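One-based numbering along the sequence shown. Just so you know, these numbers come straight off a predicted model, no measurement behind them.
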Amino acid sequence: MNKSSAKINKDRHNFESPFMSFLKERNVTPEQVIDVLGVTPRAFFYWTSGQREPRFTVQQIQALCTLLSCSVHDLPSDFGRIQDKSAEA
């Protein structure tokens, strides 16, 4: 693995998003979510980094809510990174 690949992998796990916080509160790993939704790790990364908006089927939403022991109304409305407002100024 070259240095840029190592940085990308490190960056994938060193950010905070509303969805990642939600998973931590419930002691659920990204790998569990990836498995239950049947998606790739890359798709999960795109969602939680704010690069893409997730598009779930009804079955995926049901599976996610079952895994997280929550209602669809409990899920964060934004899965991506929390933007640092001071960095934008």
Where is the tightest heavy-atom contact between Gln60 and Arg55, given as atom of each residue plus distance? OE1-O, 4.0 Å
Looking at every heavy atom in both Ile34 and Val39, which two are closest together, and how far apart are they? CG2-O, 3.0 Å
According to side-chain hydrogen bond (donor to acceptor under 3.5 Å, both in side chains), who are the partners of Gln32, at least two apart in sequence or on a separate chain? Thr29
For Gly80 against Pro18, the heavy-atom pair lying closest together: O-CD, 2.8 Å
What pair of heavy atoms forms the shortest contact from Pro30 to Phe44, and how long is it? CB-CE2, 3.5 Å
Working for side-chain contact (heavy atoms from CB on, under 4.5 Å), residues Val28 and Leu67: CA-CA 8 Å; Val28 173; Leu67 174 67; 3.8 Å; yes
Nearest-0.5 Å distance that lies between atom CE in Met20 and atom CZ in Phe79: 11.5 Å
Rounded to the nearest 0.5 Å, the OG atom of Ser69 sits from the CG atom of Asp74 at a distance of 10.5 Å
Between Ala63 and Val36, the two heavy atoms sitting closest are CB-CG2, 3.8 Å
Here the gap from Phe56 atom CZ to Ile61 atom CD1, rounded to the nearest 0.5 Å, amounts to 7.0 Å
Specify the closest pair of heavy atoms between Cys70 and Leu75, including all atoms of both residues, with the distance to one decimal. SG-CD2, 3.8 Å
Please round to the nearest 0.5 Å and tell me the distance separating atom CD of Gln51 and atom CZ of Arg42. 9.5 Å
When rounded to the nearest 0.5 Å, the distance separating CH2 of Trp47 from CD of Glu53 is 10.5 Å
Flag side-chain contact, heavy atom, 4.5 Å: Leu68 against Leu23: yes
